[in-house]
There are 2 protein chains.
Amino acid sequence: MIKNLRIKDIAKLAGVSPGTVDRVIHNRGQVTEENRLNILKIIEEVNYKPNLLARSLANKKNYLIVSLCPGFNLQNDYWKAPDHGIERAAREISDYNISVKRFYFDQFSVQSFKKQLKEILELNPDGVLLSPVFREETIDFAQKLDEKQVPYIFIDSNIDGLNNLSYLGQNSFQSGFLAARLLSYSTPADSSILIVQIGGSEPSNQAIRREEGIHNFLSQTPGKYYYTHIDLDTQNPKSKANFSEQISKGDVKGIIVINSKAFEVATIMNDLGIRDKNLIGYDLLPENIKYLKEGLISFLIAQRPEEQGYKGIMSLFNSLVVKSKVEKNNYLPIDILTGENIDYYLNYI
Amino acid sequence: MIKNLRIKDIAKLAGVSPGTVDRVIHNRGQVTEENRLNILKIIEEVNYKPNLLARSLANKKNYLIVSLCPGFNLQNDYWKAPDHGIERAAREISDYNISVKRFYFDQFSVQSFKKQLKEILELNPDGVLLSPVFREETIDFAQKLDEKQVPYIFIDSNIDGLNNLSYLGQNSFQSGFLAARLLSYSTPADSSILIVQIGGSEPSNQAIRREEGIHNFLSQTPGKYYYTHIDLDTQNPKSKANFSEQISKGDVKGIIVINSKAFEVATIMNDLGIRDKNLIGYDLLPENIKYLKEGLISFLIAQRPEEQGYKGIMSLFNSLVVKSKVEKNNYLPIDILTGENIDYYLNYI
DNA sequence: CTGAAAGCGCTTACAG
DNA sequence: CTGAAAGCGCTTACAG
């Protein structure tokens, strides 16, 4: 239990005043090279660690961290969990003169995204947490932040080749691979598997990568399964009828829904009285959870969405205040949920 | 962004000095009832939140938190992860005048446990994190801590009916239930399941509860599976031979090892060239992980051991310093690991 | 280029 | 029972 030395002690060792030591620590210049080197040497030798409490208390600087994520509502609450994590982190670090301002955009509107980016830039934040849904706009925004030397972090999805401090999210390919693996445990050889994309719109980059992962796994067991990709638009009666026909076939034993809407398939299975298929989906939407508990969905795969928000803010905090290194790629664990462990997962934190 | 009021502001509002406000906040008495009530009212009204940084910085009090867990080594590193979590938490809160001292005991020796408890009591700690392996000794110890009003937390296993601030660990029954559930996905009806306890010694409370969970699940599908409990002592050639014979039977399709030594079964399967059975185990010992990746173990079930240590210390910190409420029962998520997601789980943090 | 002084919000003796 | 003062370790103008 060696008591940490203080700036005052370093100053005494170096034969200067605390102010000079502080200037060296913060690279504020105005110190002779000789003093600077000597102080740095002492700091190194005694392994000086600043007291962050005192630093934050004395520091007049207020850091502004801004987050921009898709909004959420009762119909689609996927983004509620990250938002919750952001808020929890904000509370934890508020004493450190850090305020976190949360912005939201409509994930189907580039315009709303651009509008918020503009507002954020005008605020001159010290750090940004961002869900980079729209590629070009994000690249442009990132460039502007780079110029201002403002750190930014991506969550949920990533854009390669940018200077983001970190990415927090899933490895989609691997989570697809895992889904196929889980299905293979319970699916007999020679049966059919449906890979379903739901929603009538373009699949997200995430969904595409998941499907690649699924294909990759299935290609390792050649000839064992037949599989078909289906686009299901539940708003379109024809699409729905076609899907109902497909899923009713006896040789179809497994279904993987590659976006977060597995509950739509569960609903159809429920209506048709189908119970003998294994359905695997992603993300802990309330309706997915409901069907998981009822047994219509066998597995849900999740990526700690609350953690993404929490850790994203904490990483910015660490970078700005603690000045500690932040991992650039931070893949979150790929969690497997069943009716048996879901409650423990949800209750935790 | 309303700036938080300070003690000084409260004092002004109440027409007293900061010292008096402080006396009220900390129940140090020596304040007229009239002033006390008035100050409390104002604190309530303006929703005063103390600045923890300033509080800790000014506070001369040094908190001592002590942990007592089983030691670990290369052969048995189960307790390495909790220890790591304890250390991480200690680092994070060291600025708050908190030091964490870690004690270890031999989990097979009551004597070593008792010896450490005695030492700990002599240190007069402000909080204790404990793995209550030995029941009677823990009850006695807990009573002494109760008398001193020292908060204590149990991790990994629990003892009911004590005044521990919190319990952090798994719900063993449910994790057994889940293991049986996972096995049922891939095990055809009418096949046999082995439930294996390894080690020649008494099964732990945890293992017993897991087996109860397994039985509970299996009893919900009556007649679907045959199952047998086997005690395997790998040091005993006869026990090993008997086990090898059992596991070689064609109708045995699934094995659950109810303690952390699934790798022993995997080794035997490996030696015998058996590849067509599903093996499920617990805990992320290096050898278990090795066989999980090789596919000899289908699933491992884990309970975030690192988190148990981390959160245990943080809960004591929250109770002692932040003065926030701590949940008494904190079951950790029951995580399902396969060869596909294990690396993301291990890399995380 | 350097040091002395004041202040961050809170706590703790001390004097009255 | 109460208030003024000093101090926690660090930062920030300010004067020289």
Side-chain angles (χ1 to χ4, degrees), chain A residues 2-40 42-43 46-63 93-99 320-323, chain B residues 2-40 42-43 46-63 93-99 320-323:
Chain A
I2 301 129
K3 198 80 189 133
N4 233 320
L5 293 194
R6 303 153 301 171
I7 282 193
K8 204 196 268 189
D9 303 314
I10 310 274
K12 196 169 284 174
L13 287 172
V16 297
S17 75
T20 301
V21 175
D22 191 72
R23 264 170 225 127
V24 171
I25 289 174
H26 293 97
N27 275 316
R28 295 202 265 119
Q30 301 188 303
V31 183
T32 55
E33 189 62 8
E34 191 197 340
N35 267 342
R36 200 178 72 87
L37 292 176
N38 184 230
I39 290 170
L40 284 176
I42 295 175
I43 285 178
V46 303
N47 188 23
Y48 170 71
K49 295 266 176 278
N51 182 320
L52 292 185
L53 305 196
R55 175 176 285 179
S56 286
L57 193 59
N59 216 320
K60 253 105 185 171
K61 172 138 186 62
N62 265 290
Y63 292 97
I93 59 180
S94 67
D95 276 346
Y96 289 87
N97 308 324
I98 296 182
S99 48
L320 292 167
V321 178
V322 186
K323 318 269 186 206
Chain B
I2 300 127
K3 198 81 189 129
N4 233 320
L5 292 196
R6 302 154 301 172
I7 282 194
K8 204 198 273 189
D9 304 315
I10 310 274
K12 195 168 286 175
L13 286 171
V16 297
S17 76
T20 301
V21 176
D22 192 72
R23 263 170 226 125
V24 172
I25 289 174
H26 293 98
N27 274 315
R28 295 200 265 119
Q30 300 190 304
V31 183
T32 56
E33 190 60 9
E34 189 197 342
N35 267 343
R36 201 179 71 85
L37 292 176
N38 184 228
I39 290 170
L40 284 177
I42 294 175
I43 285 178
V46 304
N47 188 24
Y48 169 72
K49 295 265 174 279
N51 183 322
L52 292 185
L53 305 197
R55 174 176 286 179
S56 286
L57 192 60
N59 216 320
K60 254 107 186 168
K61 172 136 186 62
N62 266 289
Y63 293 98
I93 59 180
S94 67
D95 276 345
Y96 290 87
N97 308 325
I98 296 181
S99 48
L320 292 167
V321 179
V322 185
K323 319 269 185 204

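Computed from a prediction, not measured in an experiment: that's the story for all the values here. Quick note on labels: first sequence line is chain A, next is B, and so on, each numbered from 1.
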Hey, does the side chain of [X] come within less than 4.0 Å of [N]'s phosphate (OP1/OP2), counting only N and O?
X: A/Asn35; N: C/dT2; value: yes
X: B/Thr20; N: D/dG3; value: yes
X: B/Arg55; N: C/dC10; value: no

Among [options], find the nucleotide with the atom closest to the side chain of [X].
X: A/Val16; options: C/dC8, C/dG3, D/dC1; value: C/dG3
X: A/Leu57; options: D/dC10, D/dT2, C/dC8; value: C/dC8
X: B/Thr32; options: D/dT2, C/dG9, D/dC10; value: D/dT2
X: B/His26; options: C/dT11, C/dT2, C/dC10; value: C/dT11
X: A/Ile7; options: D/dT11, D/dT2, C/dT2; value: D/dT11
X: A/Ala58; options: C/dT2, C/dC8, D/dC8; value: C/dC8

Could you tell me how far apart [X] ([atom1]) and [N] ([atom2]) are, to the nearest whole angstrom?
X: B/Asp22; N: D/dG3; atom1: CG; atom2: C1'; result: 13 Å
X: A/Asn97; N: D/dT11; atom1: CG; atom2: C1'; result: 12 Å
X: A/Lys12; N: D/dC10; atom1: NZ; atom2: P; result: 14 Å
X: B/Leu53; N: D/dT11; atom1: CG; atom2: P; result: 13 Å
X: A/Asp9; N: D/dC10; atom1: CG; atom2: P; result: 9 Å
X: A/Asn62; N: C/dC8; atom1: CG; atom2: C1'; result: 12 Å
X: A/Ile39; N: C/dC1; atom1: CD1; atom2: P; result: 13 Å
X: B/Ile10; N: C/dT11; atom1: CD1; atom2: P; result: 12 Å

Across every strand shown, the nucleotide meeting Watson-Crick or G-U wobble geometry with C/dA4 (both distances under 3.5 Å) is none
So what's D/dA13 paired with, Watson-Crick or G-U wobble, going by both distances under 3.5 Å?
none
Using a 4.0 Å heavy-atom cut-off, does [X] contact any base of the nucleic acid, only the sugar-phosphate backbone, or nothing at all?
X: A/Tyr48; answer: sugar-phosphate
X: B/Pro50; answer: sugar-phosphate
X: A/Asn59; answer: sugar-phosphate
X: B/Asn51; answer: sugar-phosphate

Whether the side chain of A/Asp95 engages the backbone of B/Leu52 through a donor-acceptor N/O pair (distance < 3.5 Å, no angle test) should be reported.
yes
Determine yes or no for a side-chain-to-main-chain donor-acceptor pair under 3.5 angstrom, with B/Asn97 supplying the side chain and B/Tyr63 the backbone.
no
Measuring from A/Asn59:CG to A/Tyr96:OH, what's the distance to the nearest 0.5 Å?
12.5 Å
Residue mapping more 5' on DNA chain D - nearest nucleotide basis, A/Ser56 or B/Arg23
B/Arg23
Assert: residue with more 5' nearest nucleotide on DNA chain D, out of B/Glu33 and A/Leu52, is B/Glu33
Is there side-chain contact between A/Ile25 and A/Ile7, with at least one heavy-atom pair below 4.5 Å?
yes
I'd like to know if A/Lys12 and A/Asp9 make a salt bridge, using a cut-off of under 4.0 Å between side-chain N and carboxylate O.
no
In this structure, are over 12 heavy atoms from other groups packed under 6.0 Å from A/Lys8 atom NZ?
no
